[in-house]
Every structure is written in structure tokens, then in C-alpha cells.
Amino acid sequence: MRKEHILVIRFSAMGDVAMMVPVVYSLAHQYPDIRITVLSRAFARPFFEDLAPNVGFMVADLKNEYRGIKGLNALYRRLTAKQFTAIADLHSVLRSGYLRMRFNLGRYRVEHIDKHRKGRRQITSASHKELVQQPTSFQNYLEVFAKLGYPVDIKFKSIFPDEGGNLNMLPAGMCVKKSYEQWIGVAPFAAHEGKTYPPRLMHQVIEQLINKYPKARIFLFGRGEQETQYFTEWSQQHSACVNVGEQLESMHQELILMSHLDVMISMDSSNMHMASLTNTPVVSVWGATHPYAGFMGWGQSEENAVQIPLDCRPCSIFGQKPCLRGDYACMRNIAPEAIVEKVEKVLKRAEP
């Protein structure tokens with residue numbers, strides 16, 4: 001009899017792929033005799049390569065090697081050589097749907113994610129909004145595996161041991177955390193304006209934190225033109241600020257650093273999910289999107305979420321739509337003090 005071998009497909013953004021980790025980890029540990037291969041983009045490898053002995057990772061370069069129908073057919077042929085026994089499509093878009101169709105024709109066991117589009121339309125409606133908690137991505141992923149015959153109870157804490165990742169793998173200035181220091185992460189940017197707290201206001205948050213915690217180190221997470229511009233400016237103004245992108249070379253190093261933070265301030269973005277995978281509490285800031293859409297980080301509390309009540313919120317599941325009001329009040333009207341207060345509560349709870 002062939003050994004059970006599950007192909008797990010998700011090609012999308014980093015945050016969505018990161019949310020697979022607690023589910024895949026739990027699946028692997030509850031069913032140690034099955035093999036699991038995650039098919040995703042190259043950036044996701046650090047999430048899965050050391051997750052469990054029976055979890056493997058395969059890169060799908062959809063922009064070059066496997067571009068278009070011809071490329072997908074080539075990818076399908078490569079996948080069939082792996083002798084999978086079940087296919088879990090956790091993405092359900094055109095590309096994964098095409099692969100799913102090919103596997104269905106080949107009489108594989110195939111299941112795909114239910115994105116609950118009707119419920120999402122209800123919570124984002126401009127005129128008949130029903131603000132009801134939607135199934136989380138974790139629940140949606142679990143449902144797929146249950147349909148394949150693998151019910152899973154999530155038991156996941158961190159991708160690292162209880163003491164965190166190995167700080168010796170970081171540069172000299174980051175490899176030791178002094179007992180009197182507070183390490184605070186700040187990830188102020190996101191893919192869309194509706195999910196980004198204005199840099200002017202985030203700078204005020206940083207200044208208030210430095211005043212309240214003079215021994216704190218503020219680690220600035222994010223890579224890009226905007227990040228480089230603001231992080232360089234803030235690091236020059238405040239010796240407590242460290243531009244992580246200038247110091248660390250890989251996402252694995254960033255995850256190690258995150259595992260030693262006392263708290264992370266993040267938007268509804270990949271950094272929230274990365275910090276969640278290291279068991280670090282996140283003060284998450286929500287604007288156009290909402291925790292009820294089902295994308296809160298694993299193990300995070302809505303008590304630590306910063307958001308203001310507006311009739312138009314949420315206007316979007318992913319935050320990409322133009323602001324209905326035209327002023328992005330959902331973000332711009334959040335007072336810096338509201339974020340600082342949440343951080344203070346997290347740090348106080350962590351005190352011995």
C-alpha cells in the first residue's frame with residue numbers, strides 16, 4: 001500500500017501562507033505516518049522546512065518556470081511523479097483550480113477551501129452591513145483536511161522552542177537581550193493605504209514609547225522604499241530605533257528576532273502573522289479591514305487590537321479598495337495614545 005502523501009497548495013501573500021503553519025504543524029504531529037508537501041512561493045520556505053520531519057516544501061515559480069497553462073501542465077506532470085494520494089487546495093484561485101481540475105481527472109482525492117464569500121460580502125456591505133465573525137482562515141484550512149479524512153486539533157505554540165530562536169544567529173548588536181530592556185517591534189506599513197497607520201502618527205507612537213521606556217529598543221520591520229525612507233529618518237533621530245532590514249539578511253533571522261520581542265506593533269499584515277508564529281503578543285492596528293473577517297493572527301487576542309467604530313468599517317476584506325469617505329478616517333483618527341496604551345498593558349502583563 002502506498003504511503004499517504006498530501007499535497008498542500010497555497011500560492012498567495014505571505015500572511016495567508018503563514019496562517020497555514022499552525023494547521024500543517026498540527027496535522028504533521030497528529031498523523032506522523034503521512035507525508036506532507038507544501039507547494040508555495042519561494043519566500044515561504046522558512047515557515048515549513050524545519051516544521052516537522054514529515055513536512056517537505058516545494059517551490060512553485062509561477063512567474064517564470066510554471067507561467068501560463070503550459071507551465072501549469074509542466075508543474076502538474078512534475079507533481080504526479082511525487083505520488084500524492086490527496087490534494088488540499090487551500091487557495092482556490094485560477095491557478096490552483098486548474099491544478100485541482102487535472103488532479104480530479106486523475107481520480108485523486110481532492111478538496112478545496114470554502115472562502116465564505118457571502119459572509120464576507122455581508123460584513124463589507126456599504127448599505128446592509130452585518131458585522132458577524134466569519135470563519136477564520138485556520139478553521140477554513142481545517143475543514144479541507146477534515147474532508148480529506150484528516151480531522152485536526154490545532155496544538156501549536158511557536159516554530160521555535162520555548163526560549164525562542166537562537167540569537168547567536170543574529171549580528172553582534174542583536175545577539176544579547178539585557179534583562180532590563182524591553183524589545184518592541186514596530187511594523188507600520190502594509191500593502192494598502194487602508195491598512196497602513198500614517199507614518200506621522202506612528203512616529204509619535206515611537207516617541208511616546210521611548211519616553212515611557214527609556215531602556216527599550218525599537219526594532220523597525222519592513223523592506224521597501226517607504227520603509228527605508230522613514231526607518232532611516234527615525235533611526236537617525238532616535239538611538240533606540242533599529243532598522244531591521246539593514247541588519248538582517250533573511251526572513252529566518254527576522255523570525256528569530258521576533259521570538260524575543262516583548263510585543264510587536266503591526267498592521268493587518270504579514271508581520272502580524274510572522275510574530276504570531278513565534279508566540280509574540282501583537283498589538284494589531286485595523287483600519288479598512290476587521291478582525292471579524294477571519295484574519296487575526298494565530299493565538300492573538302482581539303483585546304490587543306486597536307480599531308475605532310465607524311459605520312463604514314470594514315469596507316474591504318483585504319484593504320485594497322479606495323476609501324468610501326475619501327479620508328481614511330479608520331486609520332487617521334486612531335490616536336497614538338491608544339496604541340501606546342495597548343502596548344503598556346501587554347508589557348505589564350508580561351512582568352514577573
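Atoms considered below: every heavy atom in the structure, side chains included; atoms not considered: hydrogens, waters and symmetry mates.
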Q. Are N243 and S235 close enough that a side-chain donor and a side-chain acceptor fall under 3.5 Å?
A. no
Q. Rounded to the nearest 0.5 Å, what separation is found between the CZ atom of R217 and the CG atom of L261?
A. 11.0 Å
Q: Indicate yes or no: at least one non-hydrogen side-chain atom of V132 is less than 4.5 angstrom from one of Y292.
A: no
Q: Could you tell me how the ring of F103 sits relative to the ring of Y108: parallel (under 30°), tilted (30 to 60°) or perpendicular (over 60°)?
A: perpendicular
Q: Decide whether V242 and M274 are clustered together by the hydrophobic rule: side chain heavy atoms of Ile, Leu, Val, Met, Phe, Trp, Tyr closer than 4.5 Å, transitively.
A: yes
Q | Flag, side chain of H203 to backbone of P199, donor-acceptor distance under 3.5 Å | A | no
Q. V144 versus D89: any side-chain heavy-atom pair under 4.5 Å?
A. no
Q) Where the side chain of S125 meets the backbone of R121, is there a donor-acceptor pair that is under 3.5 Å apart? A) no
Q: Indicate the ring-plane relationship of H5 and F84, choosing parallel, tilted or perpendicular according to the 30° and 60° boundaries.
A: tilted
Q | Spacing of CG belonging to N271 relative to OG belonging to S284, to within rounding of 0.5 Å | A | 12.5 Å
Q. More than 12 heavy atoms of other residues, nucleotides or ligands under 6.0 Å from CG of D311: is that the case?
A. no
Q: Evaluate the ring planes of H252 and F160, with Trp represented by its six-membered ring, and classify them as parallel (under 30°), tilted (30 to 60°) or perpendicular (over 60°).
A: tilted
Q) Counting distance only, does the side-chain N/O of W298 pair as donor-acceptor with the main-chain N or O of F156 below 3.5 Å? A) yes
Q: To the nearest 0.5 angstrom, please state how far the CG atom of D262 sits from the NE2 atom of H260.
A: 11.0 Å
**Q.** M202 side chain reached by I265 side chain, heavy atoms, under 4.5 Å
**A.** yes
Q) Any side-chain heavy atom of M267 sitting closer than 4.5 Å to one from M331? A) yes
Q: Kindly say whether A190 contributes a backbone atom to a donor-acceptor pair with the side chain of S269 at under 3.5 angstrom?
A: no
Q | Short side-chain to backbone donor-acceptor contact, R313 and T289, under 3.5 Å | A | yes
Q) Taking atom CZ of R35 as the centre, does the number of heavy atoms from other residues, nucleotides or ligands within less than 6.0 Å exceed 12? A) no
(Q) Does either side chain, that of Y31 or that of E4, offer a donor lying less than 3.5 Å from an acceptor on the other one? (A) no
(Q) Quick check on side-chain contact (heavy atoms from CB on, under 4.5 Å): which of R95, R77, R102 does L72 satisfy it with? (A) R95
(Q) Donor-acceptor pair, distance only, cut-off 3.5 Å: does the side chain of Y150 make one with the backbone of I6? (A) no
Q | Gap separating the CZ atom of R100 from the OG atom of S92, nearest 0.5 angstrom | A | 4.5 Å
Q.
Are M258 and F219 packed together at the side-chain level, in the sense that at least one heavy-atom pair is separated by less than 4.5 angstrom?
A. no
Q. Under 3.5 Å, side chain of S26 to main-chain N/O of K155, donor-acceptor pair present?
A. yes
Q) Under 6.0 Å from the CE atom of M169, do we count more than 12 heavy atoms belonging to anything else shown? A) no
Q: Would you indicate whether the side-chain heavy atoms of F318 and R120 approach each other to under 4.5 Å?
A: yes
Q) Does H91 reach the main-chain N or O of V93 with its side chain, forming a donor-acceptor pair under 3.5 Å? A) no
Q: Quick one: pull up NZ in K177 and CG in L257 and give me the separation to the nearest 0.5 Å.
A: 9.5 Å
Q: Give a yes or no on whether the backbone of H192 and the side-chain of T196 come within a donor-acceptor separation of less than 3.5 Å.
A: yes
**Q.** Side-chain donor or acceptor of D268 paired with backbone N/O of W286 under 3.5 Å
**A.** no
Q | Side-chain ion pair, D327 and R332, N-O less than 4.0 Å | A | no
(Q) With rounding to the nearest 0.5 angstrom, report the CD1 to CG distance, I36 to L51. (A) 8.5 Å
Q: For residues E207 and H238, determine if any side-chain heavy atom of one lies less than 4.5 Å from a side-chain heavy atom of the other.
A: yes
Q: For the residue pair I317 and Q134, establish whether any side-chain heavy-atom pair is separated by less than 4.5 Å.
A: no
